[in-house]
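Nothing here was measured: the structure is a model prediction, and the numbers come from that model.
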Amino acid sequence: MTTIDTRFSSAAATAVAAHQAHQANRPSPAQQQTAQRLLTGANYAMLIFLGAFLVVAYLAWGLEAEFPLMTVAVLHFLQLFLAGLFKLSYVVRLIAQHLLGQQLR
């Protein structure tokens with residue numbers, strides 16, 4: 001066997017091994033279904049938290065004169081809390097996309 005044949009055989013064997021490893025890591029249909037539900041839930045959660053954040057921001061900044069100081073303070077805290085929940089749901093979305101083998105965006 002020549003050097004070129006040996007290199008080609010080695011590269012082919014590596015490619016086959018990588019393909020087999022990828023096939024072994026493929027999630028089962030039940031896992032794919034769970035990941036798809038997780039992705040859908042995370043997308044809805046992001047929409048809900050964004051909508052709630054916008055409402056709270058309007059109340060805290062647009063109508064602050066209508067509320068007592070304690071209520072405005074709570075609204076400002078809720079902005080931080082809702083932003084954190086939005087970010088958490090985005091991370092869950094990334095995990096679901098990774099489990100489904102989708103491109104992370």
Side-chain angles (χ1 to χ4, degrees):
M1 201 177 242
T2 64
T3 306
I4 294 174
D5 291 339
T6 306
R7 287 183 191 161
F8 179 74
S9 296
S10 175
T14 303
V16 168
H19 178 69
Q20 289 172 344
H22 178 70
Q23 293 291 359
N25 290 334
R26 184 174 268 173
S28 69
Q31 290 172 330
Q32 285 182 340
Q33 185 179 20
T34 301
Q36 187 62 45
R37 281 192 306 217
L38 190 64
L39 179 61
T40 303
N43 286 335
Y44 282 128
M46 287 175 65
L47 287 174
I48 290 168
F49 292 137
L50 177 63
F53 178 86
L54 292 174
V55 168
V56 168
Y58 177 71
L59 292 174
W61 294 95
L63 300 176
E64 75 275 0
E66 306 295 322
F67 298 112
L69 183 59
M70 185 57 131
T71 303
V72 174
V74 169
L75 289 171
H76 283 289
F77 170 76
L78 282 174
Q79 285 181 299
L80 294 171
F81 185 70
L82 290 169
L85 290 176
F86 180 86
K87 291 174 186 180
L88 183 64
S89 60
Y90 182 73
V91 170
V92 171
R93 180 178 188 261
L94 290 175
I95 291 169
Q97 285 181 318
H98 175 73
L99 291 174
L100 291 170
Q102 297 178 358
Q103 181 182 0
L104 301 180
R105 335 180 228 130

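Only one option out of Thr40, Leu38, Thr34 pairs with Gln36 in a side-chain contact (heavy atoms from CB on, under 4.5 Å); it is Thr40.
One finds the CZ atom of Phe53 at 13.5 Å from the CZ atom of Phe81 (value rounded to the nearest 0.5 Å). Interatomic distance, Gln31 CD to Leu100 CG, rounded to the nearest 0.5 Å: 10.5 Å.
Both Leu50 and Leu59 are members of a single hydrophobic cluster when ILVMFWY side chains are connected at heavy-atom separations under 4.5 Å. A continuous path of hydrophobic side-chain contacts links Met46 to Leu78 [ILVMFWY only; heavy atoms under 4.5 Å]. Linking ILVMFWY side-chain heavy atoms closer than 4.5 Å, directly or via other members, places Val55 and Phe77 in a single hydrophobic cluster. Val74 and Phe67 fall within a single hydrophobic cluster, where Ile, Leu, Val, Met, Phe, Trp and Tyr are joined by side-chain heavy atoms under 4.5 Å apart, directly or via other members. In the hydrophobic cluster analysis, where Ile, Leu, Val, Met, Phe, Trp and Tyr join through side-chain heavy atoms closer than 4.5 angstrom, Leu63 is grouped together with Leu54.
Other residues, nucleotides and ligands contribute over 12 non-hydrogen atoms within 6.0 Å of the CZ atom of Phe86. The 12-atom threshold is not exceeded at OH of Tyr58, counting heavy atoms of other residues, nucleotides or ligands nearer than 6.0 Å.
Identified under the side chain to side chain donor-acceptor pair (under 3.5 Å) test for residues 86-102, with sequence neighbours left out: Asn43-Arg93.
For the pair Gln79/His76, a side-chain contact is recorded, criterion being any heavy-atom separation below 4.5 Å from C-beta on.
Nearest approach of Ala35 to Leu99, heavy atoms of both residues: CB-CB, 3.9 Å. When every heavy atom of Leu94 is checked against every heavy atom of Leu104, the shortest pair comes out as O-CD2, 3.4 Å.
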